[in-house]
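Structure first, commentary second.
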Number of protein chains: 2
Amino acid sequence: MIRIIIAEDQLLLRGALAALLSLEDDIEVVAEANDGLEALKLIKLHKPNVLVTDIEMPKYSGIEVAQKLKRENSNIRILIVTTFARPGYLQRARDAGVTGYILKDTSSDELSQAVRTVASGGTVIAPELSQASWVLPDSLNDREREILRLAEAGKTNKQISKALNLTLGTVRNYLTEAMHKLGASNRIEAFRTARENGWL
Amino acid sequence: MIRIIIAEDQLLLRGALAALLSLEDDIEVVAEANDGLEALKLIKLHKPNVLVTDIEMPKYSGIEVAQKLKRENSNIRILIVTTFARPGYLQRARDAGVTGYILKDTSSDELSQAVRTVASGGTVIAPELSQASWVLPDSLNDREREILRLAEAGKTNKQISKALNLTLGTVRNYLTEAMHKLGASNRIEAFRTARENGWL
DNA sequence: TTTCATTGATGACATATGTCACTACATTTT
DNA sequence: AAAATGTAGTGACATATGTCATCAATGAAA
């Protein structure tokens with residue numbers, strides 16, 4: 001029997017996933033979490049074999065949960081079920097020891113099959129991601145990432161420089177550098193590209 | 001018996017919604033659509049009582065589908081189930097004759113109850129929205145909207161002016177005006193605010 | 001220890017953005 | 001017909017943004 005926990009903040013989908021997976025003879029849903037923090041607590045409590053989780057959730061993202069579990073040398077298997085086919089997400093997920101990554105645009109059959117594969121030590125990657133767009137490596141550094149995030153929030157260079165205790169000129173330099181790395185010709189293109197690739 | 005069609009592009013959620021609603025004795029799922037266009041075709045074919053639909057879908061959005069149905073004087077009831085609590089969406093949905101608007105973060109019980117209410121001629125609005133709706137009226141005009149959309153895509157004023165056959169100065173004037181209306185101090189804040197309110 | 005990479009800074013420059021007052025014209029309203 | 005409204009434009013101005021070459025301090029690697 002494969003014991004699983006489901007972490008997903010959309011109640012409707014969470015309930016549905018639980019219902020669908022409970023129908024399988026070899027799968028038992030032992031708990032459901034509404035956010036990353038709750039997921040961690042429930043995992044410690046129930047020691048399931050597999051965590052089926054969304055990425056974008058309150059408290060901790062699915063990727064952060066995976067990172068924490070890895071740091072604790074947990075031997076739980078993780079299957080991420082997300083809307084976003086973002087190369088950067090997949091990259092970080094794999095680095096965090098995640099062995100399953102599928103999209104919400106798959107069938108319930110594929111979902112339960114993925115749970116089984118992951119539970120038995122296998123790897124499942126959504127076909128949309130397995131080949132495509134590896135091409136761009138994330139070359140942004142932390143400063144560039146921070147600055148892009150603030151730019152995305154509508155901050156001016158001056159506000160960014162105050163927030164990060166940097167000079168106005170330095171902020172502009174980092175932004176220029178980020179734009180070059182991303183092939184963007186202004187800050188808006190830059191943070192959009194970074195966001196779409198899952199680098200923010 | 002309430003005959004319904006479900007339109008939702010995420011396969012997993014669509015299947016789950018269908019499964020959940022099929023469990024109810026008084027509800028029958030007669031078809032499922034993957035996008036707005038398919039939904040319209042299936043409605044003509046099956047003449048269901050209620051359309052349960054997402055907003056953000058390929059081909060036509062749920063709101064566009066509602067608008068087309070209204071123009072054809074269809075007497076189908078529409079229940080929108082969406083992730084987004086955006087006042088502007090709700091506003092446009094109501095203008096299109098939609099009588100149900102709930103969030104994906106509700107329970108399956110509330111969902112089936114909402115279907116019944118809408119089917120019998122009632123109205124259901126997510127509580128998160130029923131108050132917030134009239135906070136800010138959407139005072140943007142079409143030009144401002146277009147320009148904000150292009151700005152959001154990372155276009156410069158010059159590119160926008162070429163795309164819309166306007167003068168550079170005119171584009172800047174519209175942008176300034178939009179920023180004033182939205183209480184924003186630059187284009188990024190402007191299109192973010194507009195987007196969050198569902199005005200783009 | 002010398003070299004190298006990283007991180008942050010400066011200054012000068014061109015271009016883009018945002019602000020405002022005012023104009024012009026066509027279409028509605030009154 | 002006169003007034004109001006909507007749509008687009010001009011010009012002048014200040015500030016923000018993006019580009020580059022160059023410099024300095026620090027810490028890690030050779």
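Remember, it's a predicted structure, so these values are computed and weren't measured experimentally.
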What is the distance, to the nearest angstrom, from the NZ atom on B:Lys158 to the P atom on D:dT17?
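Nearest whole value for this atom pair: 18 Å.
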Rounded distance (Å) that lies between atom P of D:dT17 and atom CZ of A:Arg187
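Between P of D:dT17 and CZ of A:Arg187: 5 Å.
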### Query
Between D:dT19, D:dT17, D:dT10, which nucleotide gets closest to the side-chain atoms of A:Thr156?
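Of the candidates, D:dT17 comes closest.
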- request: Return the nearest nucleotide to the side chain of B:Met179; candidates are D:dA8, C:dG18, C:dC20.
  value: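 It is C:dG18.
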Checklist line | Expected output: side-chain B:Asn197 to main-chain B:Trp199 donor-acceptor under 3.5 Å | finding: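 Checked: no pair found.
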Do the side chain of A:Ser112 and the main chain of A:Ser108 share a donor and acceptor less than 3.5 angstrom apart?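 Side chain of A:Ser112 to backbone of A:Ser108: a pair is present.
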query: Does B:Thr176 place a side-chain N or O at less than 4.0 Å from the phosphate oxygens OP1/OP2 of C:dG18?
result: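 It does not, given that no N or O in the side chain of B:Thr176 lies less than 4.0 Å from OP1 or OP2 of C:dG18.
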**Q.** Phosphate contact (D:dG9 OP1 or OP2) by B:Thr167 side-chain N/O below 4.0 Å
**A.**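 So the side chain of B:Thr167 is within the cut-off, an N or O lying under 4.0 Å from OP1 or OP2 of D:dG9.
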Looking at A:Glu144 and A:Lys181, is there a salt bridge between them, counting it only when a charged N and a carboxylate O are closer than 4.0 Å?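 Result for this pair is yes, salt bridge flagged.
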- Message: Cation-pi check for B:Phe84 against B:Arg86: NZ or CZ below 6.0 Å from the six-membered ring centre and within 45 degrees of the axis, yes or no?
- Response: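 Positive - B:Arg86 is close enough to the ring of B:Phe84 and near enough to its axis.
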Confirm from the modelled atom types if A:Asn173 and C:dT10 form a donor-acceptor pair under 3.5 Å, side chain to base only.
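Yes.
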If you assign B:Gly169 and B:Asn186 each to the DNA chain D nucleotide with the nearest heavy atom, which residue ends up on the more 5' nucleotide?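 Result of the comparison: B:Gly169.
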